[in-house]
There are 2 protein chains.
Amino acid sequence: MTDARRSGCPINLSLEVLGDKWSLLIIRDMMFGNRRHFRELLTKSEEGISSNILADRLKTLLDEGIITREDDPTHKQKGIYSLTEQGIELLPVLAQMAAWGYKYLPVSEELGIRARLLSEGGPKMWAEFMDELRESHLGVKRRRRTGPSVGERLQAAYERVVARGKATAVK
Amino acid sequence: MTDARRSGCPINLSLEVLGDKWSLLIIRDMMFGNRRHFRELLTKSEEGISSNILADRLKTLLDEGIITREDDPTHKQKGIYSLTEQGIELLPVLAQMAAWGYKYLPVSEELGIRARLLSEGGPKMWAEFMDELRESHLGVKRRRRTGPSVGERLQAAYERVVARGKATAVK
DNA sequence: TTGACCGATTGCGAATTGCAACTGGTTGTA
DNA sequence: TACAACCAGTTGCAATTCGCAATCGGTCAA
């Protein structure tokens, strides 16, 4: 737990907080996978994070003010992790990173569909999704919207690809 | 040098390539600091990267197709590193990361000015800057522009802040 | 009361990092 | 021709971090 801070450059400072292979994946799962408990993050992680690393990163993200933790009223041991506004505003970073990865790296079809939709939707869609996150993580009420939310649309698209993949595989 | 690839998620794949504390700083210096030689990257780095890490990361970035290396005709030992199109398209990632860091982390005034201008300029300015990078790194000709380039404007703004800081310090 | 589940913590070998010194070669200058 | 400065890395080594598996003390439903 050293002081780090190699320079006052915004990119460097961001990397000192998020520059590892797990932190942004945790944020991703909280945003897109709606994971809010330790176990959910641990077992439903696509990449298989180990529990000590997860505990460590959650602590750091708490310290940095990117997430908060509160007790789950339904279970004395469970904690509910939520994104702060600061955490929610990492969405554009994730979106750009996803778009770049989608374009240049060997992305699987199922896991790439969200990146494609998010990229096509652009900053306007990101802003809408961030508003949805403000509602589910910060409790900020938002005016009624018609039609499915961005979160729902991304999830539906993902499930459609998975179903199609299964059908093809069976055939 | 294992195969990694923990999952086919675009964010994960991006992090497997760039998820450390140095890779994106090297890209940053190539983009904004116009560093093209090993020594420049080594000694003019704000954060003080060590030579073995720099050599290792340059190798990885080469392997990943994010940069290229060619011999410098003026010096038999010197290599010139250039960004590829894939590397240039990391600019939006850096820009978003810089904007987030600028907003939430203790950024120094000198090093934050670029982030502010880039954030205010938005995607349009990013696109223009990427075009400039295509010219200086890929040799792609671009039509004449009036006035100073984005790169020049960022540099001038930075120097203005540094000069002001010095004047204040002296006074 | 029992067994599944909960959020972590611990121990430990392996991999990565950071520092400093060094290598083998090139270049400009006298 | 001699020499110092410069060039792109490489090497050795100690310290840190990572990743896995096992475990811990507590909670919950049956």
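As a basis for the values below, the full set of heavy atoms in this structure was taken, side chains included, without hydrogen atoms, waters or symmetry mates.
The side chain to side chain contact (heavy atoms under 4.5 Å, CB included) test with B/Glu46 is passed by exactly one of B/Leu111, B/Asp29, B/Leu25: B/Leu111.
Rounded to whole angstrom, the span from the CG atom of B/Leu25 across to the P atom of C/dT17 amounts to 13 Å. Across the protein-nucleic acid pair, B/Asn52 atom CG and C/dA15 atom P stand 18 Å apart, rounded to whole Å. The distance from atom CG of B/Leu42 to atom P of C/dA21 is 15 Å, rounded to the nearest whole Å. Put simply, CG on A/Asp72 is 12 Å from P on C/dA8, counting in whole angstrom units. One interatomic measurement links the two molecules: CD of A/Glu40 to C1' of C/dG7, which rounds to 13 Å at whole-angstrom precision. Distance CD1 (A/Ile53) to P (C/dA15): 15 Å, rounded to an integer number of Å. One atom, NZ of B/Lys21, and another, C1' of D/dT17, lie 11 Å apart when rounded to the nearest Å.
Within the 4.5 Å cutoff, the side chain of A/Leu83 has no heavy atoms near those of the A/Thr68 side chain.
Comparing A/Tyr81 and B/Trp22, the nucleotide of DNA chain C nearest to each residue sits closer to the 5' end for A/Tyr81. Of the two residues contacting DNA chain C, namely B/Arg39 and B/Ile49, the nearest-nucleotide position lying further toward the 5' end is that of B/Ile49.
Remark: A/Arg69 qualifies as a cation-pi partner of A/Tyr81 under the 6.0 Å distance and 45° angle criteria applied to the six-membered ring. Cation-pi geometry between B/Arg6 and A/Trp22 is met: the NZ or CZ atom falls under 6.0 Å from the ring centre, inside 45° of the normal.
The side chain of A/Arg57 lies closest to D/dC18, out of C/dA8, C/dT27, D/dC18. Looking at the side chain of B/His37, the nearest of the listed nucleotides D/dG19, D/dA8, C/dG18 is D/dA8. The side chain of B/Phe38 sits closest to D/dA8 out of D/dA8, D/dG12, D/dC20.
One finds a salt bridge joining A/Asp20 and A/Arg57 here, because a Lys/Arg side-chain nitrogen approaches an Asp/Glu carboxylate oxygen to under 4.0 Å.
A donor N or O paired with an acceptor N or O is found under 3.5 Å between the base of C/dG25 and the side-chain atoms of B/Gln77. B/Ser51 contributes a side-chain N or O that forms a donor-acceptor pair with the base of D/dT10 under 3.5 Å.
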